[in-house]
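Report on the structure given below.
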Amino acid sequence: MADREERRFAEVSRESVRLMAEGAGVELGDDVAALLAEDVCYRLREATQSSSQFMRHAKRRKLTVEDFNRALRWSNVEAICGYGAQDALPFRSVKEGELFFVEDRDVNLVELALATNIPKGCAETMVRVNVSYLDGKGNLEPQGTVPTAVQSLSDDLLKYYQQITRAILGEDPHLMKVALLDLQSNSKIAALLPYFVYVISGVKSVSHDLEQLNRLMHMVKSLVQNPYLYLGSYVRSLVSSVMYCILEPLAASINPLNDHWTLRDYAALLLSHIFWTHGDLVSGLYHQILLSLQKVLSDPVRPLCSHYGAVVGLHALGWKAVERVLFPHLPAYWANLQAVLDDYSVSNAQVKADGHKVYGAILVAVERLLKMKALSLSQSAEGQSGAHPGSVVGAVSYRVNSPGLSPPPEPLSEAALGIASHLQVGGAGCHWEEWTPVPLPAMYCELYSFFGDSLAVRFSTGTGFGTHSPCTPSQLGDSRKEPPGPASNLDTTRKMPQLTANLNISPRQDGSPRTDPPPPTTRGAPRSAGLSREVFPKARFTSPQTTPPAFSFLIGGRQMGQRCQGRRPFQTMFATTPPVSAIPPRTYAHKLPVIGRVGKPVRRWTCSHYSLHLPL
Amino acid sequence: MIALTGKNQSYVLVLYGLCFPLIHVAHAQFILKMAAVQGGMGDADIKTDIKTEPSADGFGNNNANDGRVLSASPGSSSSTGSNKQTAAVTPEDQQTLLAVLQFLKKNKLSESVEILRREPGSDTNSDQPDVSVVLSAYSQQGDPTLYKVYYRDLKKFIETVLDCHRAELSQVFYPLFVHMYLELVYNNHESEAKAFFEKFSGDQECYYEEDLRILSGLTKKEHMRGNETLLDFRTSKFVLRISRDSYQLLKRHLQERQNNQIWNIIQEHLYIDIFDGMPRSKSQIDAMSGSLAGEAKREANKTKVYYGLLKEPEIELPLDDEDEEAENEEGKPKKKKPKKDSVGSKSKKQDPNAPSQNRIPLPELKDSDKLDKIMYMKEATKRIRLGPDNLPSVCFYTFLNAYQGLTAVDLTDDSSLIAGGFADSTVRVWSVTPKKLRKVKSAADLNLIDKESDDVLERIMDEKTASESKIMYGHSGPVYGISFSPDRNYLLSSSEDGTVRLWSLLTFTCLVAYKGHNYPVWDTQFSPYGYYFVSGGHDRVARLWATDHYQPLRIFSGHLADITCTRFHPNSNYVATGSSDRTIRLWDVLSGNCVRIFTGHKGPIHSLAFSPNGKFLASGATDGRVLLWDIGHGLMVGELKGHTDTIYSLRFSRDGEILASGSMDNTVRLWDAMKAFDDLETDDFTAATGHIHLQDNSQELLLGTYTTKSTPVIHLHFTRRNLLLAAGVSQL
């Protein structure tokens, strides 16, 4: 009973009472002290109770000394002076005496009086009005809005949450970097994950603000990269936020000066990154993503920027996705695109420029597709003759390992099973169940009919494929080190250097996320120790590659294909820096993000340290 | 007499008990009983009661139904009964009982011994201690240890009754618990009181937690003296509403058990409002309970309330000078225009529920008031019609650098001025429009101006004093309540220093300090027609004042704890007060009587709002719930759950379609008031009994939740065009 009482209230012990009495020069008997102690406790409780109403009426949450003094004054007790400080007073103890006291430093009045730096008065109290919600919709400044549930978090976490969100969404780019870095590596923020996900889901309300969208995407990346976070089902929410940035006709896209293309590219890469690293957390995610991308692509009502998003999204998901979704849709889509590109009216200029973006994106995607498909064929052929079973993945399973990587140690059967199960999960009712792979020559022919000579990849269509492969794995492996490698490799077979795209950072080639190894090279460093995701039996590889990968996307020359329209060269380049090294952000040659538009200044965020570095 | 019959019944029980298994004991018991009777009271009318009671109370029925209880009753009634009559306890009784026990043992009548032992506590597990408790009860006067037994006994009984009665009877627990505890404390049985508290405090409803905390701190008689809350609890009667059937059940049980201790408490400290009909369900009871003194008696809410609005005086809308009016929009008119005084044409029909126009004397309209009315009507035509599909825009007035602590905010009806009361005793007024605040010129300067000129009202203002805000000093404590007069010439502020001050907004000086409360004044508000104002504070009374009287015109007394908020009814004939005793009372300004008591909140009430049509009242409390009340029927008609912290502000939109609530949890929530009130079925039965069944539809009624940036919302206001204004201090 006594214990319970103690838990309910703080108590003043009789020893304390006796000590205080001694301090005042009075000797107290034991029973008197006990009685007094009890009474003191009661009076304290009473005063606290009545002081709380002063707090409530002052509409505060924090009980102040002032409140307590008021309660004392109204019960005819002298107020206690000298404790009016706003901050908490440090309460210290002396070891020997079991005494606690409030530290009370001497104030040097002379120094204070002669001080020259007289503090200025506080700023004037004033009232400022702002429109918070128009027509009941919160359309202004969503940053800083804290979901009410956050209040239930511990103070530290809450503070962390507020600081981080404020830093990331705030004005200071340096602060943002620090915050993102911390978000990437902090091991104690699991409890905050839902709130961060909630904040990120706010993309829909800031679609007018590219800057904020970018910041949110960076936040996604940091969260995804944090090795201590188990994203679980939040992956779905993150993916949908990212997909929003990829696919939606953002309000920011209305103004052609806004470089939403880069955002879409970035988000697409992010999507593939999430998918490859965390795709196994949600079953059927791959097919859901593909389905929604396909839906957008096949919807002619959607603006071109949405289509662009779908294409880059597919491209980022790997050549398999391109083969499955983009390639079959191409004939239908081509008609629409061509109509746009052939319209030379002034009013169409903007749309046409967008059309070129889409065109470029498709081109890049299909070139990758062709290259990888050829590669896979050659590899499977090699594998059949070769001796290591590990490196071989049958063409039947469409599983191709990237040539730069050493083969996964998993048994072949498991890999095949992984794919099969994956297909089953998403396959129910999906119409691409009946999809049959188009043989490479046929595909090439078809693509050639669309793009003509602007296709950078060349095959001699006449010869049989079984005997000839355009490039060997080793060649590719070498070429990887110098970005324009493959292009130069193929120069021999190419007749006209035209629109070249070289995307040697494209995401992992294909395979099921469950069995495919996570990115081992650069990501190996930040996610090295104590990885929470290590619990998943995944193979890790060391890569022969040591230099930071660079991703260049170069489209140059004049396009002489079916369209035959002159195109100014443009180039998009991403260089990725290793996340841990403190290399200052490179200044990028990032020009002409929009075809036909010159000298658009580089958006600040693209220069930041945080452009996505893709694992290789 | 009721108490008497209660005791008598136990004797009846004894007599019945004789026929039951304890044949051997019977004789001894009878002797024992008679001794008790003789010691206790005169036995002349007992005999007659013995004959009449059983049939009168349907006792025989119960007898048949509940054999177990009955068979167990003789012993128990003997012990409890005798112990209760403390005066009657004699050594003889004790000896008799001991003798009986010994006799039984000697004769190896172990079964009877068991039965006899089992009785006192009806606790079969620990026979031995219980017997000793019973025995010691004879020696000690009013053994406090028995309180536990009584309470447990009752608890057991209530737990075993039919479900439909259990909820109703469970209401008895809390007041009984408190009173028994207080009695123990009062009689200096500290350790027993603590033990009693420990044992049963966990059983109480969670919404009494706050009271229990106060209670648990109180363990000495001396402490009770100063604790007003608990004194009130002791002196006032806790009101329970119980259906007749349930009440009969309880009464019968207590009488059977001779549980006079509990019965006495029920008689003395509880008011049981018995109604005929179906017992209420747990949710119905929970909706209405929670206040410091139980529910309101049904009669308390029977008085007729004239909740209708007063007829507006008809003012011709001058259509010709539209532009000129627009110029005068903010503030005083440049020219006084001779307005046609269109008095009292009876074209509009009088609302049957409205009080007569002169029920209380109201100030006559001045010219400037009429101008304002015209402005109001013009604005009203531009008003946005709100609804679930058309939510209002929200503007937030953030007080910056309010390091001293903002404690109260008010906006004028036309939203042109905003005033803040601060913890540093200051009152500050800001102009929200571009028009600056100006003082009137000094007396010397006023002599110089041409008093015949048309724009004299403009000329009296001193341009040199124009500023965006004015500070008014005068209080000596935090300003907890603030209110503009409807004509925007005055401002009221109530403070911790016990005064209410009236400030002039022409000179920005204090005109009057109304003293009377002597304790902190938590809230004050002007009547919608001006002149009158109401204030309420820590002294538990609300006062009605007129600005030209230094003493209150009415004192509304009845709350059991601080009055935390006060509101005038739109027709100015009634005043609503919310209190820390978790009730809301409606007072008639004319008679000073309390005409409505609303219970149901589980925490101190901090905000009130009348619907514009005067029919409904909304209240918000620290429990984060908004309750809606039908004033005419005196019923709770809705419960809006959603907020997670104290609701400090409530406001209906101008047409009453939407209720906005602002809370400490940094949100403003909008509720579909139309739907909440339309869905009511106020048939005669619910109106008569007051047992409304609330459906839990908060989520349907919630139209929107708007979060602020870490800023508690302490004031809400709808402009005349239905733009929602909110105010608060950022906590960042």
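Here is the naming used below: chain letters follow the sequence lines, and residue numbers restart at 1 for every chain.
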*Mark yes or no for whether Ser495(B), through its side chain, and Asp497(B), through its backbone, hold a donor-acceptor pair below 3.5 Å.*
yes
*Would you please classify the geometry between the Trp522(B) ring and the Phe54(A) ring as parallel, tilted or perpendicular, with 30° and 60° separating the classes?*
perpendicular
_Residue among Arg70(A), Glu66(A), Arg60(A), Glu38(A) with most heavy-atom pairs under 4.5 Å to chain B_ = Arg70(A)
_Flag side-chain contact, heavy atom, 4.5 Å: Glu78(A) against Leu72(A)_ = no
*Which bit of Glu496(B) is near chain A, if near means a heavy-atom gap under 4.5 Å: side chain, backbone, both or neither?*
both
*Working to the nearest 0.5 Å, report the span between CG of Leu169(A) and CG of Leu175(A).*
12.0 Å
_Does any backbone or side-chain atom of Asn518(B) lie under 4.5 Å from a heavy atom of chain A? Answer side chain, backbone, both or neither._
backbone
*Any chance the rings of His606(B) and His57(A) have centres within less than 6.0 Å?*
yes
_Under 4.5 Å from any heavy atom of chain A - which part of Asp523(B)_ = neither
*Flag the one option from Pro520(B), Ala408(B), Ser469(B) with the top tally of heavy-atom pairs under 4.5 Å to chain A.*
Pro520(B)
*Are the aromatic ring centres of Phe196(A) and Tyr161(A) under 6.0 angstrom apart?*
yes
*Pick one of side chain, backbone, both or neither for Leu406(B), based on which atoms fall under 4.5 Å of a heavy atom in chain A.*
backbone
*Residue among Ala58(A), Cys41(A), Ser50(A) with most heavy-atom pairs under 4.5 Å to chain B*: Ala58(A)
*So what's closer than 4.5 Å to chain B heavy atoms on Leu35(A): side chain, backbone, both or neither?*
side chain
*Sort Thr622(B) into side chain, backbone, both or neither according to what part of it lies under 4.5 angstrom from a heavy atom of chain A.*
side chain
